[in-house]
There are 2 protein chains.
Amino acid sequence: MGAILLEEHQEYLVKLRQTGLKNTRHRIKMLEILDNSPQPISADDIFVRLKEQDDRISLSTVYRSLEALVRNELVNKVSFDNDNRTTFELNRLQHHHFLVCIGCNKIITVEDCPIHEYEEEVSRTRGFEVIGHKLELYGYCSDCAPKHHFTHEH
Amino acid sequence: MGAILLEEHQEYLVKLRQTGLKNTRHRIKMLEILDNSPQPISADDIFVRLKEQDDRISLSTVYRSLEALVRNELVNKVSFDNDNRTTFELNRLQHHHFLVCIGCNKIITVEDCPIHEYEEEVSRTRGFEVIGHKLELYGYCSDCAPKHHFTHEH
DNA sequence: ATTCATGCAAACCGTTTGCACCCGA
DNA sequence: TCGGGTGCAAACGGTTTGCATGAAT
């Protein structure tokens, strides 16, 4: 809900300037929306929230702006097996992974990473030079696990 | 190329029967194509190869058959960040991961898995009940790594 | 003034669906 | 025979693009 702090607004502005991207009607708001979202969201989600504030907005602009923000590494593109839509998150420069709840589709971000040694091992033993990786765990969150067990009890 | 061994053909037949799926014009061929493919392939790839042998085939049949084969766990659905198309592989009942080459798009299957303990840890510390996971490493294969280094040398 | 961004509508492309016909069990 | 499978064409849904206009630097 609440208004965005001035400092945060400034921070987004600075980031935009650094990339050379223009500070247009919607971009700061897009960054705010992404920053406030507890989990990755789709282009259409962003579009809907922008439209609440200003009717003069088109979905293609959202896609084009997201593309620019991704290209400049202010935003990450994320896709899940669960969902045909691509989703986006603010790039917080913190390596992380996701727990994807197959009960309620909630996405939980986790910041520990168990596979750095594995990357080195693969590089060493297979001659495959690892640049990055993608790890997601699928299962039931603490809300859904009990329900799931209950409905499968007998 | 080469003809499929009779035993393999039989094996596919048995698997189909077990599921209750009918042995139709294309299904055995689909399983053969998937079995012979060194990496996951798209519905359209399968469609093209089927069409080489028999013109009376439609893409929607390929999608519908794949859906049935996936539902009956003879085939796995796999998607990569690289590619908007969904791909499919024969289900060999062997847990594995992929190395995805961002140079030539080659997909390499690897059968060791570094994160079983991590799954337990997540279950224990976060109350998230892990059912499965998805891990892919992105980078350069042994063919592409040298080229990549060469073109970025100075 | 110049370059980049935008709105709108139309195109795109992978995938799904409705329907009449076909065919394997 | 009967229920699932198929071909074809049309629909779908997320995403991209062409083009003329508008706005940021």
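Proteins come first, then strands; the chains are lettered A, B, ... in the order of their sequence lines, and each starts at number 1.
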- request: Could you tell me which residues satisfy ring pair (Phe, Tyr, Trp, His ring centres under 6.0 Å) with A:F80, sequence neighbours excluded, listed by chain and number?
  value: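 Expected list: A:F98.
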
message: Among residues 61-79 of chain B, which ones have heavy-atom contacts with DNA chain C below 4.0 Å?
response: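 B:Y63, B:R64, in order of number.
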
message: I need the residues from residues 38-49 of chain B with at least one non-hydrogen atom less than 4.0 Å from DNA chain C; give them sorted by number, or say none.
response: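 Nothing qualifies; none.
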
task: Using five pairs at either end of the helix from C:dA1-D:dT25 to C:dA25-D:dT1, determine the angle between the two local helix axes and round it to 10 degrees.
output: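 That helix has its two terminal axes inclined by roughly 40°.
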
query: How does protein contact run along nucleotides 20-25 of chain C, one letter per nucleotide 5' to 3', with B for base contact, S for sugar-phosphate only, - for none, heavy atoms under 4.0 Å?
result: ---SBS

- prompt: Between A:R92 and A:D35, is the closest basic N to carboxylate O distance under 4.0 Å?
  reply: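 Yes, this pair counts.
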
- prompt: Are any of the side-chain nitrogens in B:E11 or B:K15 under 4.0 Å away from the carboxylate oxygens of its partner?
  reply: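 Looking at B:K15 together with B:E11, the answer is yes, because their closest N to O distance falls below 4.0 Å.
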
task: Run through the side-chain heavy atoms of Ile, Leu, Val, Met, Phe, Trp and Tyr, join any pair under 4.5 Å, and report what else lands in A:I115's cluster.
output: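 When side chains under 4.5 Å apart are linked, the cluster holding A:I115 also contains A:L99, A:I108, A:V110, A:Y118, A:V122, A:F128, A:V130, A:L135, A:L137, B:L99, B:I108, B:V110, B:I115, B:Y118, B:V122, B:F128, B:V130, B:L135, B:L137.
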
- request: Give the other cluster members for B:V14, using side-chain heavy-atom distances under 4.5 Å between Ile, Leu, Val, Met, Phe, Trp and Tyr residues; answer none if it is isolated.
  value: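 Result for B:V14 is none, singleton.
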
- prompt: Could you state the NZ-P distance from A:K51 to C:dT6, rounded to the nearest angstrom?
  reply: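 Those two atoms, NZ and P, are 15 Å apart.
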
Atom pair distance, as rounded to whole Å: CG in A:D54 and C1' in C:dG7: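 Between C1' of C:dG7 and CG of A:D54: 12 Å.
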
- prompt: So where does chain A start and stop touching DNA chain D, 5' to 3', when the test is distance under 4.0 Å to a non-hydrogen atom?
  reply: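 Endpoints of the contacted stretch of DNA chain D: D:dG14 to D:dT25.
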
message: To the closest 0.5 Å, what do you measure between CZ (B:R71) and CG (B:L21)?
response: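 That separation rounds to 7.0 Å.
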
field: Between CG on residue B:L31 and NE2 on residue B:H26, distance to nearest 0.5 Å
entry: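 Output value for this atom pair is 13.0 Å.
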
Donor-acceptor pairs under 3.5 angstrom involving side-chain atoms of residues 47-57 of chain B: please list them, not counting sequence neighbours.
| unit_1 | atom_1 | unit_2 | atom_2 | d |
| --- | --- | --- | --- | --- |
| B:D54 | OD1 | B:R56 | N | 2.8 |
| B:D54 | OD2 | B:R25 | NE | 3.4 |

Side chains of [X] and [Y]: closer than 4.5 Å at any heavy-atom pair?
| X | Y | result |
| --- | --- | --- |
| A:S42 | A:D45 | yes |
| A:S60 | A:R64 | yes |
| B:P114 | A:P114 | no |

- prompt: Just one of B:V75, B:L90, B:T19, B:N91 clears the side chain to side chain contact (heavy atoms under 4.5 Å, CB included) bar with B:L69, so which one?
  reply: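 The single option meeting the side chain to side chain contact (heavy atoms under 4.5 Å, CB included) with B:L69 is B:V75.
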
- request: Could I get the full list of side-chain contact (heavy atoms from CB on, under 4.5 Å) partners for B:S37, not counting sequence neighbours?
  value: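 Expected list: B:I41.
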
query: Stepwise, does the side-chain hydrogen bond (donor to acceptor under 3.5 Å, both in side chains) test hold for A:H133 with A:H97?
result: CA-CA 10 Å; A:H133 62 259; A:H97 297 297; 3.3 Å; yes

message: Do A:N76 and A:E89 pair up side chain to side chain, a donor and an acceptor below 3.5 Å, judged on atom types alone?
response: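 Side-chain D/A pair, A:N76 to A:E89: present.
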
query: Tell me the salt bridge (Lys or Arg N to Asp or Glu O under 4.0 Å) pairs involving residues 97-116 of chain B, sequence neighbours left out?
result: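 Of all non-adjacent pairs touching residues 97-116 of chain B, those that pass salt bridge (Lys or Arg N to Asp or Glu O under 4.0 Å) are A:R126-B:D112, B:K106-B:D143.
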
Worked verdict on B:Y12 versus B:Q10 for side-chain hydrogen bond (donor to acceptor under 3.5 Å, both in side chains): CA-CA 5 Å; B:Y12 300 133; B:Q10 294 291 23; over 6 Å; no

task: Check step by step if ring pair (Phe, Tyr, Trp, His ring centres under 6.0 Å) holds for A:H95 and A:H116.
output: CA-CA 11 Å; A:H95 182 75; A:H116 280 120; 5.7 Å; yes

message: Please list, in numerical order, the residues of residues 81-88 of chain A that have a heavy atom closer than 4.0 Å to any atom of DNA chain D.
response: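 Residues of residues 81-88 of chain A under 4.0 Å from DNA chain D: A:R85, A:T86.
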
query: Hey, does B:L59 reach any base, or is it just sugar-phosphate, or nothing, if we go heavy atoms under 4.0 Å?
result: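 Answer is base: heavy atoms of B:L59 come under 4.0 Å of a base.
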
